[in-house]
Trainee: 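Before we start, here is the structure in question, set down as structure tokens.
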Protein chains: 2
Amino acid sequence: MPRIPAAERRAALVQAALRVVATQGVAAATTRAIVAEAGMSLASFHYAFSSRDELMHELISFVVAHEEAAVLPGPYGDASLRDIIRAGLQRYADLLRADPLREQAMLELTQQALRSEGMEPLARLQYDHYYTLAAAALTTAAEHTGTSWILPVEEVARLLVVLTDGLTVSWLVDRDDAAAASVMDFAADALAGLGRQS
Amino acid sequence: MPRIPAAERRAALVQAALRVVATQGVAAATTRAIVAEAGMSLASFHYAFSSRDELMHELISFVVAHEEAAVLPGPYGDASLRDIIRAGLQRYADLLRADPLREQAMLELTQQALRSEGMEPLARLQYDHYYTLAAAALTTAAEHTGTSWILPVEEVARLLVVLTDGLTVSWLVDRDDAAAASVMDFAADALAGLGRQS
DNA sequence: TCAGAAGTGGGACATTCGACCCACTTGTTG
DNA sequence: CAACAAGTGGGTCGAATGTCCCACTTCTGA
């Protein structure tokens, strides 16, 4: 094992932990499983982190910070507001289908944070980030179509996140693509109904 | 410890497990924690159940079967479809506020089922049950207001569940009652929009 | 060059977990 | 009342977990 500065090890361990969590769930993310995934020794773990909790804390912060806005950058063209939203949802659904375990892991991390004393703020941070991303996407979409929201965009953003969350959970349970498509149609219609030509 | 037939012990252990899961999470629901909650010895556990997995299996079945339709029985009067839906959502939200840990536990149980080899069907069963409850409520609501759904009621039911799930997760994270109310207003409007006077 | 800091490895610790075993007691049945 | 099944308690097992320790190696800077 080559010598690696502690800071880099921390990063490598966080990445390894993320892989383990995604493929095997939060419960399986033991210190040993994580160091095995990272190809390190157990001692390196506690040299880089003082405890497993510290790792989990940093893991959640990491995923929150790196939550890609993979959904928003759509080629707008001259699509309607409704179609832009629908396309964005479709991109998210494609992402979900491509890597279901990843989104399942995000949900698990949120719940783990909600259950762990002192980590609730991290869950709030995570969702604040979601809301911000959603609000940015919705604002851009409205601008491109010359519409304005009849509600504060923050509220619309929350609706989008709520719908996305619900969509995720239900699809993860039964993997029903047709039902998911139906939900997305409804969501796009309903959200677009909150825009007014201006 | 009085003598209790195994069947009753099973039921008592399931109830105790539910209390532990609700108050401390799925991870804390160890055999020892459960028997302590039930006031039994560890041996009684493995006399009634052959394994912890068997208990968890029965626990999920139990909560699915007893998921009260606490949301549907509203005094309809001559309220509009929109108002009936809104009131139903409010009753659910009240339930959620009254016992957040319970709903959080339901989510955890779903995820635990999704992660556990061979328990995925239970998660599907759980959501099938939700969909059935929602469909029944929506059908009744439509009848009382002389409307009919422009989509199959099963699809509307799924939308309702999706919205409820998303609402639950977001409220659990930030406990923002005002935001939840806004979401419920939107959901009621959007769902009522799927009904046509007939 | 060489001392001290930084990083590494293997092993060990106590704790907790699910599962199990066996001797004991209590109820039931004929 | 006797025999047997049903139920109970306590102790214990092996495995896994988070954490820690200490001897060792490698790097860095004076």
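Throughout, protein chains are lettered first and strands after them, A, B, ... in sequence-line order, and every chain is numbered starting at 1. Keep in mind that what you see is a predicted model, and the values were worked out from it rather than measured.
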Trainee: Rounded to whole Å, how long is the line connecting atom CZ of A/Phe49 with atom P of D/dG18?
Mentor: 14 Å
Trainee: Charged N to carboxylate O below 4.0 Å: is that the case for A/Arg115 and B/Glu108?
Mentor: yes
Trainee: Can you tell me if the side-chain N/O atoms of A/Tyr47 get under 4.0 Å from OP1 or OP2 in C/dT8?
Mentor: no
Trainee: Tell me whether A/Arg158 is salt-bridged to B/Asp174, with the criterion being a basic N under 4.0 Å from an acidic carboxylate O.
Mentor: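 Here A/Arg158 pairs with B/Asp174 in a salt bridge, since their nearest N and O are under 4.0 Å apart.
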Trainee: Atom CG of B/Leu55 and atom P of C/dG18: how far apart are they, to the nearest Å?
Mentor: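 Going from CG in B/Leu55 over to P in C/dG18 covers 10 Å.
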Trainee: Choosing from C/dG7, C/dG11, C/dG18, which nucleotide comes nearest the side chain of B/Arg52?
Mentor: C/dG18
Trainee: To the nearest angstrom, how far is A/Phe45 atom CZ from D/dT17 atom P?
Mentor: 13 Å
Trainee: Picking from D/dG7, C/dG7, C/dT8, which would you name as closest to the side chain of A/Ala6?
Mentor: C/dG7
Trainee: Over how many whole Å does the gap from A/Ile4 atom CD1 to C/dA5 atom P extend?
Mentor: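 Roughly 23 Å, once rounded to whole Å.
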Trainee: Report the nucleotide, chosen from D/dG9, C/dG7, C/dT8, that has the shortest atom-to-atom distance to any side-chain atom of B/Ala43.
Mentor: D/dG9
Trainee: Nearest to the side chain of B/Thr30, heavy atoms from C-beta on, is which of D/dT8, D/dT19, C/dG18?
Mentor: C/dG18
Trainee: Given D/dT19, D/dT8, C/dG18, which nucleotide is nearest the side-chain atoms of B/Arg32?
Mentor: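 Ranking D/dT19, D/dT8, C/dG18 by closest atom to the B/Arg32 side chain puts C/dG18 first.
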Trainee: C/dG18 phosphate, OP1 or OP2: any side-chain N/O from B/Thr31 under 4.0 angstrom?
Mentor: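 Answer is yes, contact under 4.0 Å.
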Trainee: Figure out the CE/P separation between A/Met40 and D/dT19, and round it to whole Å.
Mentor: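 Interatomic distance, CE of A/Met40 to P of D/dT19: 17 Å.
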Trainee: Inspect the contact between A/Asp185 and A/Arg82 and indicate whether a charged nitrogen and a carboxylate oxygen are less than 4.0 angstrom apart.
Mentor: yes
Trainee: Taking CG from A/Leu42 and P from D/dA16, how many angstroms apart are they, rounded to a whole number?
Mentor: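 Spelled out: CG on A/Leu42 to P on D/dA16 is 14 Å.
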Trainee: Could you tell me if A/Arg196 and A/Thr147 have a donor-acceptor pair between their side chains, going purely by distance under 3.5 Å?
Mentor: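 Judged by distance alone, the side chains do not pair up.
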Trainee: Establish, with yes or no, whether the OP1 or OP2 oxygen of D/dT19 is under 4.0 angstrom from a side-chain nitrogen or oxygen of A/His46.
Mentor: yes
